[in-house]
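Here the structure is a predicted model, which is why all the values come from computation and not from measurement.
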Amino acid sequence: MATVEPIQRETSSIALPGLGRALITAGKLGQKSAEDIYRKALSSKSSFIAELVGSGAVSAADLAHTLTTAFAAPLLDLDAIDTSRLPKGLLDNKICVDYRVVVLSKRSNRLIVATADPSDQAAAEKIKFSTQMGVDWVIAEYDKLSKLVDANATTATEAMEDIIGGDFEFDEAAAEAIIDNDKTNTSEVEDAPVVRFLHKMLMDAFSMRASDLHFEPYEHTYRVRFRIDGELREIASPPIAIKDKLASRIKVISRMDISEKRVPQDGRMKLKVGPDRVIDFRVSTLPTLFGEKIVIRILDPSSAKLGIDALGYEPEEKERLLKAIARPYGMILVTGPTGSGKTVSLYTCLNMLNQPGVNIATAEDPSEINLPGVNQVNVNEKAGLTFAAALKSFLRQDPDIIMVGEIRDLETADISIKAAQTGHLVLSTLHTNDAPATLTRMRNMGIAAFNIASSVILITAQRLARRLCLNCKTQVELPRATLLSAGFKESELEGGWKPYKAVGCNLCNNGYKGRVGIYQVMPITEELQRIILRDGSALDIAEQAEKEGVRSLRQSGLNKVKQGLTSLEEVLAVTNE
């Protein structure tokens, strides 16, 4: 019998978490029972340990004693300690609730943390990232630990009411001190609940890889939502009375006018997240019926330095793009809806082109990513600095490469095209559904067909799809007819491959983690130029592009499904066919 168990584990159809393997090794659980419990946990989207204890397969006390031996960690009876004396504020309450952990004490640069599952590496990494401190596990019984976590969570929710009271001073010096996370802050500023709440929201958003924070006031409620992997998730519901104080706080550190609440405003702020790392935030306020809605966009400069391979281009698409940006002149357009990653794509190209012998100038509204070596200009229409005015100035400054944030009007388009025709490489964006529609959109703006044909050298349309979590994605059997109706060809279904579906685990967001780009990269060939010159429709252009091997956005997305990077549902949601 001793040789049967290892063979059974190797041929198992499901990868058990460390806790399950430890219990099997200790003889407390059979392989099949562990797999059944884990499958049940996945289907109910609960944790393995919750399902394990809840099913009665192993008691909480027996589990704790077994893990103490298996992981050589101390065992603590939570009934024997005074929980009111536990340290507060060392670890974000959401992490404690999500991973069922409690901080017991701090020793030097390490936290002593109670857990029922010391094999949970995700919890350890999350705590390390959030606190910048090491973690020493102490094992506690799951049922007692859960009660303590839930009790602390209730207390934390009630403590939010404290934010209502108090008269807080907002001054720029204090604001910058807090936002830079400076250790020399005065205790008065650190203790201000609004200051701490905002700082916590910004740090949580960064650690959760959010792209935007939404602060939204309503008549009787106030909510904070994060956009994570393209989806908005409600994170907090502070008291409605916080709205004015929080709006004033954000406006101070973003250098906006605190007294002006009737018109939208834009600003920027910074947050220090490490000794040598600073994150920029773009802030936008909007007057609504019940107060100012504030949206904060996280601008991480490192995203432009990930390289073109990290963006998700297929080899042939990457080759077309690199060939285009190597041209000495012409226009390259990136299209797609707001939030589809156009700016990151443009800055990735600029980063590759940014050499000591090249003069690069950009005009944006506003500049989102700071890139040393590039001359960046913020458009200011109130002051008369429009895209067109900035472009005219660029052309008098001997540029090699020009980047225009967005072509919005005929004047900007005309100057951009003239620049592309007179020896400059011009990069810009447009809001269109796909690459062929971009050319007809330019015609509708009033640009002459011969100008489009002689200047545009490549158009890239793009979308961002949520990437499947590597830890929990599972293959699914879909009817052949469903795959064919989605856009797959008969030849693509050969080989017996199966698409993956999102499941969900404690390492991801409902089965997804991160995003992957879907691209339609269309070079303007001689045949496409002929169609443009005879005023061909978007359909004519799309047909010719397909003949030349250009994938549509749907085809590109289906390719990502076949590679197991995303799900069919996600591709159908973000692309049209």
Please indicate whether N433 has more than 12 foreign heavy atoms, meaning atoms of other residues, nucleotides or ligands, lying under 6.0 Å from its CG. no
Rounded to the nearest 0.5 Å, what separation is found between the CG atom of L148 and the SG atom of C96? 9.5 Å
Is any NZ, NE, NH1 or NH2 atom of the basic residue among K261 and E292 found under 4.0 Å from an Asp or Glu carboxylate oxygen of the other? no
Counting C-beta onward and ignoring hydrogens, is there a side-chain heavy-atom pair between N375 and N359 closer than 4.5 Å? yes
Count the heavy atoms belonging to other residues, nucleotides or ligands that lie under 6.0 Å from NZ of K106, then report whether that count exceeds 12. no
As a quick check of understanding, evaluate side-chain contact (heavy atoms from CB on, under 4.5 Å) for V374 and M403, giving each step before the final call. CA-CA 10 Å; V374 174; M403 197 269 269; over 6 Å; no
Please check: side-chain N/O of R100 versus main-chain N/O of V97, any donor-acceptor pairing under 3.5 Å? yes
If you define the side chain from C-beta out and look only at heavy atoms, does anything of P217 sit under 4.5 Å from K293? yes
Do the side chains of P436 and Q520 get nearer than 4.5 Å, heavy atoms only? yes
Quick check: does any side chain N or O of K560 sit under 3.5 Å from a backbone N or O of G312, one acting as donor and the other as acceptor? yes
Evaluation steps, side-chain contact (heavy atoms from CB on, under 4.5 Å), between E234 and E216: CA-CA 11 Å; E234 187 167 335; E216 302 169 316; over 6 Å; no
Where do A390 and A363 come nearest, in terms of heavy atoms and distance? CB-CB, 3.9 Å
Is L353 close to L425 at the side-chain level, that is, under 4.5 Å between some pair of heavy atoms? yes
Just by distance, no angles: are the side chains of S567 and Y512 close enough, under 3.5 Å, to form a donor-acceptor pair? yes
Heavy-atom pair with the smallest gap, counting every atom of Q462 and K342: NE2-N, 3.4 Å
State the CG-CG distance between L458 and L427, to the nearest 0.5 angstrom. 10.0 Å
Crowded around K243 NZ? As in, over 12 foreign heavy atoms under 6.0 Å? yes
Would you call R282 and D266 a side-chain contact if the rule is heavy atoms closer than 4.5 Å? no
Considering all heavy atoms, the nearest I457-Y329 contact: CD1-O, 4.1 Å
Test salt bridge (charged side-chain N to carboxylate O under 4.0 Å, His left out) on E570 and R515 and set out the steps. CA-CA 11 Å; E570 184 67 8; R515 289 193 282 180; over 6 Å; no
Is a side-chain N or O of T221 found less than 3.5 angstrom from the main chain of Y218, in a donor-acceptor match? no
Between D409 and T386, does the side-chain contact (heavy atoms from CB on, under 4.5 Å) criterion hold? Intermediate values first, please. CA-CA 11 Å; D409 53 59; T386 61; over 6 Å; no
Quick one, L333 with I407, criterion side-chain contact (heavy atoms from CB on, under 4.5 Å). Give me CA distance, side-chain angles, the key distance, then yes/no. CA-CA 9 Å; L333 294 171; I407 293 177; 4.1 Å; yes
Shortest non-hydrogen contact between A420 and V426, atoms and distance: N-CG2, 3.8 Å
Have a look at M442 and tell me which of I459, I447, L410 forms a side-chain contact (heavy atoms from CB on, under 4.5 Å) with it. I447
Just how far is it from atom OG1 of T438 to atom CD1 of I452, taken to the nearest 0.5 Å? 10.5 Å
pair F290-I240: side-chain heavy atoms closer than 4.5 Å: no
Does R463 reach the main-chain N or O of I518 with its side chain, forming a donor-acceptor pair under 3.5 Å? no
Heavy-atom side-chain contact between Q265 and S254 under 4.5 Å: no
Rounded to the nearest 0.5 angstrom, the OG1-CG distance for T432 and D434 is 6.5 Å
May I ask you to decide if the ring planes of Y519 and Y313 are parallel, tilted or perpendicular, using 30° and 60° as cut-offs? parallel
Got a second to check how far R297's CZ is from D280's CG, nearest 0.5 Å? 13.0 Å
Do the non-hydrogen side-chain atoms of V404 and F394 ever get within less than 4.5 Å of each other? no
Report yes or no: does H214 contribute a side-chain atom to a donor-acceptor pair with the main-chain N or O of R225 at less than 3.5 Å? no
Nearest atoms (heavy-atom pairs only) where V224 meets M201: CG1-SD, 3.8 Å
To the closest 0.5 Å, what do you measure between OG1 (T429) and CD (E406)? 5.0 Å
What one should report as the nearest heavy-atom pair of G339 and L464 is O-CD1, 3.7 Å
